[in-house]
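Notes follow the structure.
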Amino acid sequence: MSNQERAPLAEALERMRHNRLVPFDVPGHKRGKGNPELMEFLGERCLSVDVNSMKPLDNLCHPVSVIKEAEELAAEAFGAAHAFFMVGGTTSAVQAMILSSVKSGDEIILPRNVHQSVINSLVLCGAVPVYINPQTNSRLGIALGMSMQDVERTIESHPNAKAILVNNPTYYGICSDLRSITKAAHARGIRVLVDEAHGTHFYFGKDMPVSAMAAGADMAAVSMHKSGGSLTQSSVLLCGPNVNAHYVRQVINLTQTTSGSYLLLSSLDLSRRNLALRGVEIFEKVKRFANYARDEINAIGDYYAYSSELVNGDSVFDFDTTKLSVNTLALGLAGIEVYDLLRDDYDIQIEFGDLGNILAYISVGDKNKNIERLISALSEIRRIHKRDNRDMLENEYISPQVAMSPQTAFYSQKVSLPLAECAGKVCTEFVMCYPPGIPILAPGEIITQDIIRYIQYAKEKGCVLTGPESVDVTHLNILKGE
């Protein structure tokens, strides 16, 4: 077993700083001296390690020394056969996971409530999605996990599928039966991929839902910057023992930058060390914070901060109790409205608000007084802003009607039509609320009246809609000749 107290990449950067190398390479700010305003903003210590690849610091595209050591330590800490440091966010990890598993014409099974990066990857490689429409919770209006019955039926009817992708956990904290899904898929020779963006803590906390690697999955994309404490845009791609890691590295290099940021890389190295040494303690504190906040918010009335009571042994096989997900529909307010009120009136920035829910991300960096401030603000919002909820749109998830593959639609000839005239047409672009970045529409799907109504409602409530060429989403690109 290697020494998890080490941080080889961060240590190499420290040695470089003390060696006082004279830089005649990029970046051009030359350790900050060429950009005093940036130096003042970020600090000398930060800019002194914003450096280019060099022999003592290894190369992310082909690591042979300190980056390789850091990745090996990460693989051991996560219980994986291989780990890759990613500097393009978990989007780049998801892309590499999919592009190394399927090619043009291959079928990949996945829930439709995936992050946009998954469908973007299908646009790039030409694989064909086989969607499993997730079950929904009608009270909360959210999509749940993958039902084993749906998984088994889909595997049976698509024997040539090459991979299955699972969101675990979802943004809201819902987990599928990952072990059973993996067993069923492997019995048919299907590779199991897990979008584990919100599950870093599963590897390091106590009494957590099962992690992808522990469940036997083949690959997992893990956002270390979310619950793991590393810098934004840093992520880890994990692989099991049956994956050709050398080929995965080649695929990563197709899309990831050749100028990997050492700020991001060292943050991965240091965060892995922190979690390996102190993860249990860290996430016990996070769970205590979240459980306390849930109890207090539920005592306010009208809010519903949900948790493990949702578990049904199938589509909600487990629940991530570090997630503070709160339904707001009984309040007569959309989640995005509560989100805006918290920020604008109370100087509280939560993770996201959608049409019926909010998510407050809790971490070890939080303090009791901040948790109390959130609870107090939610109580006051209820007192001041509660209203009749009869006209609330309840469903977050609308089952898509797929007409063609995302790649075919995205690269087809297209025309722009006013949103109200698009019913029955095939969409050639994405429409999503961000966050969480789950498409309302993806290329190749039929635009229905329900979807048009949903988009109009989301705009009225103040959701940030992204994806279309039409920035204000007054028009959509549809298949020419429709």
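Heads up: numbering here begins at 1 and tracks the sequence. For clarity, every value in this text was computed on a predicted model and none was experimentally measured. Side chains included, hydrogens not; waters and symmetry mates left out as well; all remaining heavy atoms used.
- The 12-atom threshold is not exceeded at NZ of K480, counting heavy atoms of other residues, nucleotides or ligands nearer than 6.0 Å.
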Please determine whether ring-ring contact (aromatic ring centres under 6.0 Å, His included) holds for the pair F352 and Y171, giving the CA-CA distance in whole Å, both sets of side-chain angles, and the decisive distance to 0.1 Å. CA-CA 10 Å; F352 83 91; Y171 226 133; 4.5 Å; yes

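- Counting heavy atoms of neighbouring residues, nucleotides and ligands inside a 6.0 Å radius, atom CD of E372 exceeds 12 of them.
- Both the sub-6.0 Å distance and the 45° axial angle are not jointly satisfied by K414 relative to the ring of Y411.
- Between Y306 and Y172, the ring planes lie tilted relative to each other; the angle falls in the 30° to 60° range.
- Between R382 and D302 a salt bridge is recorded (basic side-chain N to carboxylate O distance below 4.0 Å).
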Do R387 and E337 pass the salt bridge (charged side-chain N to carboxylate O under 4.0 Å, His left out) test, and can you show the C-alpha distance, the side-chain angles, and the key distance before you say yes or no? CA-CA 12 Å; R387 59 176 181 247; E337 292 175 304; 2.7 Å; yes

If you apply the rule side chain to side chain contact (heavy atoms under 4.5 Å, CB included), what do you find for R278 with R273, and how did you get there? CA-CA 8 Å; R278 291 175 283 276; R273 181 174 71 181; 5.5 Å; no

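- To the nearest 0.5 Å, atoms CG (D177) and OG (S315) are separated by 11.0 Å.
- For the pair R179 (side chain) and V210 (backbone), a donor-acceptor distance under 3.5 Å is absent.
- Open room surrounds CZ on F410; 12 or fewer heavy atoms of other groups in view lie less than 6.0 Å from it.
- Between S325 and N357, the closest side-chain pair of non-hydrogen atoms is not below 4.5 Å.
- Formation of a donor-acceptor pair under 3.5 Å by the N137 side chain with backbone atoms of I142 is not found in this model.
- In this structure the side chain of V151 reaches within 4.5 angstrom of the side chain of I132, judged on heavy atoms.
- Distance alone, capped at 3.5 Å, places no donor-acceptor pair between the S271 side chain and the L268 backbone.
- Inspection of the H186 and D218 side chains reveals an N or O donor paired with an N or O acceptor under 3.5 Å.
- Inter-residue side-chain proximity for K425 and I446 is flagged as unmet; no heavy-atom pair is nearer than 4.5 Å.
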Give the C-alpha distance, both sets of side-chain angles, the deciding distance and a yes or no for side chain to side chain contact (heavy atoms under 4.5 Å, CB included) between S267 and Q233. CA-CA 10 Å; S267 82; Q233 205 175 306; over 6 Å; no

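- The aromatic rings of Y361 and H198 are tilted relative to each other, their planes meeting at an angle between 30° and 60°.
- The CD1 atom of I155 sits 6.5 Å away from atom CE of M148, with the distance rounded to the nearest 0.5 Å.
- Of the possible polar contacts, one joining the S261 side chain to the L263 backbone as a donor-acceptor pair under 3.5 Å is found.
- One side chain, D320 or T322, offers a donor N or O that lies under 3.5 Å from an acceptor on the other.
- A distance of 11.0 Å separates CG in D340 from CG in L333, rounded to the nearest 0.5 Å.
- Comment: E281 does not engage K206 in a salt bridge, judged by the lack of any side-chain N to carboxylate O separation of less than 4.0 angstrom.
- Under the 4.5 Å side-chain criterion, counting only non-hydrogen atoms from C-beta, Y203 is in contact with E196.
- A 4.5 Å side-chain heavy-atom check between L144 and T136 finds every atom pair outside the cut-off.
- A side-chain donor-acceptor contact under 3.5 Å links T154 to the backbone of D150.
- The shortest distance between side-chain heavy atoms of I384 and D345 does not fall below 4.5 Å.
- Between the side chain of N167 and the backbone N or O of P169 there is no donor-acceptor pair closer than 3.5 Å.
- Panel note: side chain N133, backbone S399; no donor-acceptor pair is recorded below 3.5 Å.
- The CG atom of L265 lies 10.5 Å from the OG atom of S230; values are rounded to the nearest 0.5 Å.
- For CD of Q413, the number of neighbouring non-hydrogen atoms (other residues, nucleotides, ligands) closer than 6.0 Å is 12 at most.
- Taken to the nearest 0.5 Å, the CG atom of L476 stands 7.5 Å off from the OG atom of S470.
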Apply side-chain hydrogen bond (donor to acceptor under 3.5 Å, both in side chains) to residues Y339 and E351 and explain how you reach the verdict. CA-CA 8 Å; Y339 169 98; E351 174 65 13; over 6 Å; no

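- By the 4.0 Å N-to-carboxylate-O rule, K162 lies too far from E107 to be salt-bridged with it.
- L465 has its side chain within reach of I440: a pair of non-hydrogen atoms, C-beta onward, lies under 4.5 Å apart.
- Looking at heavy atoms from C-beta onward, M224 lies out of side-chain contact with S235 at the 4.5 angstrom threshold.
- Summarising the local packing, CD of E309 is surrounded by more than 12 heavy atoms from other residues, nucleotides or ligands at distances under 6.0 Å.
- Of the possible donor and acceptor atoms, none in the side chain of S412 sits under 3.5 Å from a partner among the backbone N and O of L479.
- Rounding to the nearest 0.5 angstrom, the gap separating the CG atom in L331 from the CG atom in D388 is 11.5 Å.
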